[in-house]
Amino acid sequence: MTDSDLTWERLESETVYTCPGFDVISETVRLPDGTETDFDYVAEGDSVVVLPFSTEGEVVVIEEWREPVRRVNYGLPAGGVEPDESEPATAVERELAEETGYEAGRVEHLTTVEPANGFADTVFHYFLAEGCTPTAERDLDHDESIDVTTTSFEDLLAAVREGELRDGRAALGILYYHAFQR
């Protein structure tokens, strides 16, 4: 079977809901067997997730209120790639500074994933940021409540293992680094 045997044909597409952060798209599609049906998905686009190491070797982490789960979330700095940012690495520098007040000495791409491509077009670009120093001014969005701290990578990994760090974006980045980069 080839990709063309699996490809859906988009017949119509309409944005049915828009809010800050994402849109909901409703499409009419033709399946490979000729059946026409509706398909809806969340359009969020590209984001970056940063695993930042300070010059002392500690990981810069955030704690942030997350309304959908009604609790403080322990995780990594992350955010959307802006339309004027031609490369995700540019968003890394901006998000790291805005959320944590740190600037990186070096940034390296780790991996890119589509975490929920069955119902969203979300793409996460994971980056390692090394040599981070607290030299920038934080500039939080109007709806962000974030505290910044540092921890050892081993403690961060233990937080994933013990279920203390439940943010999927952050957990994947930490586990990817542990499995393939260390």
Side-chain angles (χ1 to χ4, degrees), residues 20-22 43-69 71-117 120-182:
F22 67 89
E44 182 183 33
D46 291 16
S47 294
V48 296
V49 183
V50 187
L51 179 59
F53 283 87
S54 71
T55 53
E56 293 81 28
E58 294 281 294
V59 181
V60 180
V61 293
I62 63 171
E63 291 182 317
E64 180 176 13
W65 179 258
R66 289 300 190 187
E67 184 63 21
V69 293
R71 63 177 162 71
V72 172
N73 184 66
Y74 185 48
L76 299 174
V81 176
E82 299 291 336
D84 65 337
E85 294 171 326
S86 60
E87 296 294 323
T90 305
V92 169
E93 296 168 9
R94 178 184 48 77
E95 283 293 334
L96 184 61
E98 284 178 1
E99 290 189 0
T100 69
Y102 279 75
E103 293 178 298
R106 186 176 83 83
V107 172
E108 174 188 336
H109 181 256
L110 293 174
T111 192
T112 296
V113 300
E114 299 168 349
N117 63 14
D121 72 353
T122 305
V123 176
F124 292 155
H125 302 279
Y126 286 85
F127 285 85
L128 175 66
E130 296 178 303
C132 296
T133 55
T135 56
E137 186 173 324
R138 290 177 69 198
D139 185 19
L140 298 176
D141 291 341
H142 76 282
D143 61 351
E144 289 180 315
S145 302
I146 297 175
D147 284 335
V148 180
T149 189
T150 60
T151 189
S152 71
F153 185 78
E154 291 72 27
D155 286 348
L156 193 57
L157 192 58
V160 173
R161 182 175 47 254
E162 295 164 12
E164 294 170 15
L165 189 152
R166 296 176 58 182
D167 179 83
R169 292 178 308 179
L172 178 61
I174 293 160
L175 294 173
Y176 182 91
Y177 179 78
H178 177 68
F180 301 115
Q181 299 294 312
R182 289 187 72 190

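Since this is a predicted model, take the numbers as computed values, not measurements.
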A.B. asks: Would you indicate whether the side-chain heavy atoms of Gln181 and Leu110 approach each other to under 4.5 Å?
C.D. replies: yes
A.B. asks: Could you work out, with side-chain hydrogen bond (donor to acceptor under 3.5 Å, both in side chains) as the rule, every residue matching Glu162, not counting sequence neighbours?
C.D. replies: none
A.B. asks: What's the shortest heavy-atom distance between Ala104 and Val107, and which atoms?
C.D. replies: CB-CG2, 3.8 Å
A.B. asks: For residues Val59 and Leu51, report the shortest heavy-atom separation together with the two atoms involved.
C.D. replies: CG1-CD1, 3.8 Å
A.B. asks: Identify the heavy atoms of Val61 and Tyr74 that sit nearest to each other, and give their distance.
C.D. replies: CG2-CE1, 3.6 Å
A.B. asks: Does CD belonging to Glu137 count more than 12 external heavy atoms closer than 6.0 Å?
C.D. replies: no
A.B. asks: Which word best sums up how the rings of Phe124 and Tyr126 line up, parallel for under 30°, tilted for 30 to 60°, or perpendicular for over 60°?
C.D. replies: perpendicular
A.B. asks: What pair of heavy atoms forms the shortest contact from Pro88 to Val48, and how long is it?
C.D. replies: O-CG1, 3.4 Å
A.B. asks: Enumerate, atom names and distances included, each donor-acceptor pair closer than 3.5 Å involving a side-chain atom of residues 141-150, sequence neighbours excluded.
C.D. replies:
residue	atom	partner	partner atom	Å
Glu144	OE1	Asp141	N	2.7

A.B. asks: Is any side-chain heavy atom of Ile174 less than 4.5 Å from a side-chain heavy atom of Phe153?
C.D. replies: yes
A.B. asks: Do Phe127 and Tyr177 have ring centroids that are under 6.0 Å from one another?
C.D. replies: no
A.B. asks: Any non-hydrogen side-chain atom of Val49 less than 4.5 Å from a side-chain atom of Val92?
C.D. replies: no
A.B. asks: Tell me if a side-chain donor or acceptor on Ser54 pairs with a main-chain N or O of Glu58 at a distance below 3.5 Å.
C.D. replies: yes
A.B. asks: Begin with the C-alpha distance, continue with both residues' side-chain angles, and end with the deciding distance and a verdict on side-chain contact (heavy atoms from CB on, under 4.5 Å) for Asp46 and Thr112.
C.D. replies: CA-CA 10 Å; Asp46 291 16; Thr112 296; over 6 Å; no
A.B. asks: For residues 88-99, pull every pair meeting side chain to side chain donor-acceptor pair (under 3.5 Å), keeping only residues two or more places apart or in separate chains.
C.D. replies: Glu85-Arg94, Arg94-Glu98
A.B. asks: Among Leu96, Leu165, Leu172, Leu156, find the one that has a side-chain contact (heavy atoms from CB on, under 4.5 Å) with Leu76.
C.D. replies: Leu156
A.B. asks: Looking at Glu108, I want to see if its CD is surrounded by more than 12 non-hydrogen atoms of other residues, nucleotides or ligands under 6.0 Å.
C.D. replies: yes
A.B. asks: Any side-chain heavy-atom pair from Thr100 and Ile62 closer than 4.5 angstrom?
C.D. replies: yes
A.B. asks: Is there a side-chain contact between Val81 and Ser47 (heavy atoms, below 4.5 Å)?
C.D. replies: no
